[in-house]
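Convention: sequence-line order gives letters A, B, ...; per-chain numbering from 1. Keep in mind that this is a model prediction, so the values were computed, not measured.
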Protein chains: 2
Amino acid sequence: MNEEQNIFHKYLEKHDLRDTLQRELILQIFLRREGHISAEQLYDLVKKRDPSIGQATVYRALKLLIEAGLAREIDFGDGVIRYEHKYNHPHHDHLICRGCGKTLEVVDSVIEKLQKRVAESYGFELTDHEMYLYGYCENCRQKRQ
Amino acid sequence: MNEEQNIFHKYLEKHDLRDTLQRELILQIFLRREGHISAEQLYDLVKKRDPSIGQATVYRALKLLIEAGLAREIDFGDGVIRYEHKYNHPHHDHLICRGCGKTLEVVDSVIEKLQKRVAESYGFELTDHEMYLYGYCENCRQKRQ
DNA sequence: ATTGCAATTGATAATCATTATCCTTTTGCA
DNA sequence: TGCAAAAGGATAATGATTATCAATTGCAAT
């Protein structure tokens with residue numbers, strides 16, 4: 001049993017939720033994949049292992065993973081919410097190529113500090129933020145020329 | 001005729017699009033409102049002045065306003081796209097209260113520079129970005145105590 | 001082990017913002 | 001004025017997500 005499963009079980013227990021095969025399987029498959037995955041993509045993977053699982057169950061399980069602190073939502077604004085690992089995967093922002101859709105994870109500690117300062121200057125206590133940087137990657141720029 | 005209308009007319013002309021009463025009215029009402037407005041809210045306002053206008057027309061007109069550079073989309077991630085003025089209303093980011101939903105427009109030129117630098121360090125040419133800072137405003141913090 | 005029951009599941013219907021379709025009405029121009 | 005193309009209005013379609021509900025299952029107490 002890895003640490004994530006441990007966290008999940010503790011979360012379930014604490015909230016009087018049940019430990020089911022479906023939830024275990026969904027968590028397992030989610031953990032195996034790095035990067036961003038949509039609910040539907042995850043559902044497709046889950047179906048391969050157990051075709052009887054419904055997609056509503058996947059949506060419900062993803063909510064639990066978020067509440068348990070194991071997953072985090074990302075919204076690139078294309079109408080689909082994606083999910084990524086949160087445990088042992090510290091906060092970061094995203095750099096997205098408008099050409100090929102490639103995404104990179106980036107962090108800049110100075111930006112992070114300034115965000116806090118900006119918020120405070122307006123009397124806000126910052127809890128979290130989202131930052132999406134859009135542009136063209138090296139490859140796509142070369143193709144354009 | 002104000003500058004925005006001028007820009008809109010030029011845009012229509014340049015693209016062989018027609019200048020219609022509906023488009024004029026929607027633009028006029030959009031310009032009158034400061035802040036963020038959803039397509040539906042705008043539709044409600046438009047209906048008051050001309051109940052015969054359909055909401056598809058409002059959606060279509062908003063697209064034109066964006067293409068003409070007069071409006072800009074904002075996505076707070078709540079499933080509704082909002083629109084705000086773009087002309088004479090330079091880029092800014094948003095500071096959003098998780099308590100009361102209040103939003104403020106903020107800019108920090110140092111952050112802007114750093115964003116560009118971060119993107120470049122990964123070989124990206126930055127075209128635009130979105131930054132949403134979430135937290136609790138002064139009011140909401142006091143209420144919590 | 002068995003039971004009792006609330007939590008969970010799977011299938012499916014419902015939502016809700018946004019888009020597409022389709023037919024009618026206008027518009028801009030000859 | 002007449003006409004082709006553009007635009008509008010009504011409405012159906014879309015597509016991701018959520019709600020509903022009957023059937024099943026996990027689990028604590030027996």
Heteroatom pairs (N/O) under 3.5 angstrom, protein to nucleotides 26-30 of chain C:
residue, atom, partner, partner atom, Å
C:dT27, O2, B:R18, NH1, 2.8
C:dT27, O2, B:R18, NH2, 3.4

| Axis deviation across the helix from C:dA1-D:dT30 to C:dA30-D:dT1, five-pair ends, to the nearest 10° | 30°
| query | Shortest non-hydrogen contact from B:C97 to B:C137? | reply | SG-N, 3.4 Å
| task | Establish, with yes or no, whether the OP1 or OP2 oxygen of D:dG8 is under 4.0 angstrom from a side-chain nitrogen or oxygen of B:T57. | result | no
| Counting only side-chain N and O atoms of A:K63, is one of them less than 4.0 Å from OP1 or OP2 of D:dT18? | yes
| Side chains of A:D93 and A:H129: donor-acceptor distance under 3.5 Å anywhere? | yes
| Do we see a donor-acceptor contact under 3.5 Å between the side chains of B:H91 and B:E112? | yes
Select one nucleotide: of [options], the one nearest the side-chain heavy atoms of [X].
X	options	answer
B:Y59	C:dA17, C:dT9, D:dA16	C:dA17
A:E40	D:dT17, D:dA16, C:dA17	D:dA16
B:R60	D:dT11, C:dT9, D:dG8	D:dG8
B:I53	C:dT12, D:dG9, D:dT17	D:dG9

| request: May I have the distance from A:Q41 (atom CD) to D:dT17 (atom P), rounded to whole angstrom? | output: 11 Å
| note | When rounded to whole Å, the CD to P distance for the pair B:Q55 and D:dA13 reads 17 Å
| note | Joining Ile, Leu, Val, Met, Phe, Trp and Tyr whenever any side-chain heavy atoms lie under 4.5 Å apart, the cluster holding A:L21 also takes in none
| request: Find the distance between CD (B:E125) and SG (A:C140) and round it off to the nearest 0.5 Å. | output: 11.5 Å
| said: Base, sugar-phosphate or nothing for B:R23? Non-hydrogen atoms, less than 4.0 Å. | reply: sugar-phosphate
| query | Looking across every strand, which nucleic acid part, if any, lies under 4.0 Å from B:S38 by heavy atom: base, sugar-phosphate, or nothing? | reply | nothing
| The single option from B:H85, B:R72, B:H94, B:E73 passing side-chain contact (heavy atoms from CB on, under 4.5 Å) against B:H36 | B:H94
